[in-house]
Amino acid sequence: MTAKKNIRVRIAPSPTGNLHIGTARTALFNWLYAKHNGGVFVLRIEDTDLERSDVAFEKDIMENLRWLGLIWEEGPGAEAGENIGDYGSYRQSERLASYEKYIRQLLDENKAYYCFCTKEQLEDERQAMLVQGLAPKYSGRCRSLPLEETKQRLLSGESHVIRFKMSEAKISFKDLIRGSVSFDLGLMGDIAIAKDLKAPLYNLAVVIDDYEMKISHVIRGEDHLANTPKQIAIQNALGFPGPHYVHLPLILDKDRSKMSKRHSATSIREYRDQGYLPEALINFMAFLGWHPQDDKEILSIDGLVEEFDIARVQKAGAAFNIDKLDWLNAQYIKQSDDAELLKSLISFEPRLNDVPEKTALKMIASTKDRLKKLADFTDLTDFLFELGNYDGVLLNWKDTDSAKTINYLTIVDKLLPDVEEIKQFADKEGRGEVLWPLRVALSGKSASPGPFEIMEVLEEAEVRRRIGLAIKKLENG
RNA sequence: GCUCCUAUCGUCUAGUCCGGUCUAGGACGCCGCCCUUUCACGGCGGAAACUCGGGUUCGAAUCCCGAUGGGAGCACCA
């Protein structure tokens, strides 16, 4: 681990929804970068939008970040007002005094101004510019309002917003995975930075927080690329040094469109509820847009930390491939310890509580290799708890007739506690002829684990009962 | 519409910075075979890609330009 000094990164979600898989991946890349370089990973809650923010979402974000193992060294504590770390509150709603100070500074230095344009006016202007084939931006109507007039209108309680005086300059910055990127600030117009002294907007709040929290690298989604020049302009106006920037390619849906709830599960919670293991999700997310130097596909979290290199991150968006996630998850399930698996499986199949632990472990052993998700366990093992109804004709192997099958099952029943005897019998008579009906009798299914595996789980009396039932079905069939 | 980013198998990607070792490697998925009472697991094998057009060069997946495709952004959201 190469220890670079003062590497501080952050994940800054807004609590307007459950932890999104895209946010989780951004968090992971930040976390990996911090861990690989001996830096600090900070969580900051961007809840300046009071309308849309909800503490329930904040809770979900923190809980699932923890579940994934992406623990922050600094960030908000569980309760409002609680913080871990030395850089003030890590919730934007609790940092209003700080924003106000800088908004006033900008206003005093004539780098920002009050704007009284109505939303309707703004929308009309926007449409007009679009029609002309121009990039829509604020006209600057209120930019040079006389100080007296501004005071008057403020006093009269007119609704307003605070805008930043954007220069016409071209600005370019270095992105650690994209190289130099340039924008024309003249195309952006005077952006709104606050609704009021006590109501900052995103672009302003980010700049102040990243500065005050001494963030060294801003690693975020590519959707923020066009915000970067705006934020740099604000930094310059405030005299802040800028952080390094890294814009990650976005996760795209299977059809390469923007990831949406319509096509895929978008929240970590949903994946968790389906029984994806955190290790699998981490491995999968890390490999969306990044790859180690060698051909490894399965990398533990430690391996990821060891090998992670931000320079190897892809530039183009990565389509979400659920099949690969399923495969990875199956690999991790296979590697898991049965007793550990039992703990997680209980929430998917509560009946596991009602059987002896030894039996539960045997159920897991027989089914583990068939699971893609933990949620699959229920369907796959239902017959072990309760034999479902099935068609008696399923009992006959290929073109064996029922009379023969009845005979086989009867003999098996007599041989019963002795598995070795049954095996020898099957070898003599033909495995398909004997084992297929036995397995169907025990499972009631065309596909299942083998009969001897099932017999490991079932009580002898239950085995006999099921065989008897099968014989009855054949006799009546 | 305008701006920015981007481009290797269906998908995730190695290779691209430092042109030749690339008749382009791995993984998922797909197909076939083996193992096998079934399903799954596992093993083996196969099909499958350098977006296109110019240039530079003895030589380009790799460098340059353009076109095209894809993505993102253009809020009193973040």
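Naming convention: chains lettered A, B, ... in sequence-line order (proteins, then strands); numbering from 1 in each chain. The figures that follow rest on heavy atoms only: side chains count, while hydrogens, waters and symmetry mates do not.
- Minimum atom distance to the side chain of Arg312(A) is reached by A14(B), of the listed U37(B), A14(B), C12(B).
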When you compare the protein's N or O atoms with those of nucleotides 70-75 of chain B, which come within less than 3.5 Å of each other, and at what distance?
unit_1, atom_1, unit_2, atom_2, d
C74(B), O2', Pro136(A), O, 2.9
A75(B), OP2, Arg126(A), NH1, 3.0

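- Side chain of Asp47(A) to backbone of Ser93(A): a donor-acceptor contact under 3.5 angstrom is found.
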Polar atom pairs between nucleotides 44-53 of chain B and protein, under 3.5 Å, N or O only, would you list them?
none

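- For Tyr202(A), the ring pair (Phe, Tyr, Trp, His ring centres under 6.0 Å) criterion is met by His224(A), not counting sequence neighbours.
- With a 6.0 Å cutoff to the six-membered ring centre and a 45° limit on the axis angle, Arg163(A) counts as a cation-pi contact of Tyr138(A).
- Out of C12(B), C5(B), C76(B), the shortest distance to the side chain of Lys195(A) is found at C76(B).
- The pair Asp309(A)-Arg312(A) does not count as a salt bridge, with every side-chain nitrogen at least 4.0 angstrom from each carboxylate oxygen.
- If you take atom C1' in U62(B) and the same atom in A14(B), they sit 13 Å apart, rounded to whole Å.
- Applying the ring pair (Phe, Tyr, Trp, His ring centres under 6.0 Å) criterion to Phe287(A), with sequence neighbours excluded, gives Trp290(A), His291(A).
- Taking only side-chain atoms of Gln314(A), from C-beta outward, the nucleotide of A78(B), U37(B), A14(B) with the closest atom is A14(B).
- Proximity of residues 44-57 of chain A to RNA chain B (heavy atom under 4.0 angstrom from any strand atom) is restricted to Glu46(A), Thr48(A), Asp49(A), Arg52(A).
- Using a distance-only test at 3.5 Å, with no hydrogens or angles considered, a donor-acceptor pair links the side chain of Thr118(A) to the main chain of Gln121(A).
- When heavy atoms are screened at a 4.0 angstrom cut-off, Gly430(A) is found touching no nucleic acid atom at all.
- Across the protein-nucleic acid pair, Lys423(A) atom NZ and U36(B) atom P stand 14 Å apart, rounded to whole Å.
- If you measure from atom CG of Asp309(A) to atom P of C17(B), you get 17 Å, rounded to the nearest angstrom.
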Indicate every side-chain donor-acceptor pair of residues 177-184 of chain A with a distance under 3.5 Å to a residue at least two apart or in another chain.
unit_1, atom_1, unit_2, atom_2, d
Arg178(A), NE, His247(A), O, 3.2
Arg178(A), NH1, Lys315(A), O, 3.3
Arg178(A), NH2, His247(A), O, 2.8
Asp184(A), OD1, Gly186(A), N, 3.0
Asp184(A), OD2, Lys170(A), NZ, 3.4

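- The OH atom of Tyr113(A) sits 13 Å away from the C1' atom of C76(B) (whole-angstrom rounding).
- Across all strands shown, A14(B) has no partner, as no Watson-Crick or G-U wobble contact with both distances under 3.5 Å is found.
- Of the possible polar contacts, one joining the Arg256(A) side chain to the Gly317(A) backbone as a donor-acceptor pair under 3.5 Å is found.
- The distance from atom CD1 of Ile11(A) to atom C1' of A78(B) is 12 Å, rounded to the nearest whole Å.
- Take the nearest nucleotide of RNA chain B for Glu453(A) and for Arg178(A): the residue whose nucleotide is more 5' is Arg178(A).
- Nucleotide C58(B) has G20(B) as its partner under the Watson-Crick or G-U criteria, with both atom distances under 3.5 Å.
- Between Phe320(A) and Tyr271(A), the ring-plane angle classifies as tilted under the 30° and 60° cut-offs.
- Taking atom P in both G29(B) and C22(B), the straight-line distance is 28 Å, to the nearest Å.
- In this entry C30(B) has G46(B) as its Watson-Crick or G-U wobble partner, both defining distances falling under 3.5 Å.
- Side-chain contact between His217(A) and Leu176(A): present, with at least one pair of heavy atoms (C-beta onward) separated by less than 4.5 Å.
- Taking only side-chain nitrogens and oxygens, Gln331(A) comes nearer than 4.0 Å to OP1 or OP2 of G42(B).
- Rounded to the nearest Å, the gap between the C1' atom of U3(B) and that of U8(B) is 28 Å.
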Going 5' to 3' through nucleotides 21-33 of chain B, assign each nucleotide B (protein heavy atom under 4.0 Å from a base atom), S (under 4.0 Å only from sugar-phosphate atoms) or - (no protein heavy atom that close).
-----BBBS----
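- No engagement by Pro13(A) is indicated, since no non-hydrogen atom pair under 4.0 Å with the nucleic acid exists.
- For Ser443(A), the side chain to side chain contact (heavy atoms under 4.5 Å, CB included) partners are Phe383(A), Arg439(A), Lys445(A), Ser448(A), Ile454(A), not counting sequence neighbours.
- Looking at heavy-atom distances under 4.0 Å, Ser14(A) makes contact with sugar-phosphate atoms alone, never a base.
- Nucleotides C18(B) and G54(B) are separated by 25 Å at their C1' atoms, to the nearest Å.
- When both pairing distances are held under 3.5 Å, U38(B) makes no Watson-Crick or G-U pair with any nucleotide shown.
- Residue contacts for Thr118(A): at a heavy-atom cut-off of 4.0 Å it reaches a base atom on one of the strands shown.
- Considering only residues two or more places apart in sequence or on other chains, Asp255(A) meets the side chain to side chain contact (heavy atoms under 4.5 Å, CB included) condition with Asp253(A), Ser257(A), His263(A).
- Proximity note for Lys334(A) (side chain, C-beta onward) versus U37(B), C41(B), U6(B): the nearest is C41(B).
- Positionally, the nearest nucleotide of RNA chain B for Val181(A) lies more toward the 5' end than for the other of Val181(A) and Arg439(A).
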Contact pattern, 5' to 3', of nucleotides 62-67 of chain B - B, S or - by protein heavy atom under 4.0 Å
------
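- G42(B) sits 48 Å from A78(B) when the C1' atoms are compared, rounded to a whole Å.
- Checked for salt-bridge contact, Arg104(A) and Glu100(A) meet the test: a charged N lies under 4.0 Å from a carboxylate O.
- Within residues 393-407 of chain A, the residues that have a heavy atom under 4.0 Å from RNA chain B are, in order of number, Trp397(A).
- Looking at heavy-atom distances under 4.0 Å, Cys117(A) makes contact with a base.
- Across all strands, Lys315(A) comes closer than 4.0 Å only to sugar-phosphate atoms, never to a base (heavy-atom distances).
- At distances below 3.5 Å, not a single donor-acceptor pair connects side-chain atoms of Arg269(A) with backbone N or O atoms of Asn18(A).
- Between the CZ atom of Arg431(A) and the P atom of U36(B) there is a distance of 7 Å, rounded to whole Å.
- Look at the C1' atom in both C31(B) and G73(B): the space between them is 43 Å, to the nearest Å.
- Spacing between atom CG of Leu204(A) and atom P of A78(B) amounts to 11 Å, rounded to whole angstrom units.
- With a 3.5 Å ceiling on both atom-pair distances, the Watson-Crick or G-U wobble partner of U3(B) is A72(B).
- Judged as a salt bridge (Lys or Arg N to Asp or Glu O under 4.0 Å), not a single pair has a partner in residues 390-403 of chain A (not counting sequence neighbours).
- Computed from coordinates, the Arg10(A) CZ to A78(B) C1' distance equals 11 Å when rounded to whole Å.
- Per the geometry, CD1 belonging to Ile251(A) stands 17 Å off C1' belonging to U6(B), to the nearest Å.
- Note on Thr16(A): nothing from the nucleic acid sits closer than 4.0 angstrom, heavy atoms only.
- Atom-to-atom distance recorded for Leu395(A):CG and Trp436(A):CH2 is 9.5 Å, nearest 0.5 angstrom.
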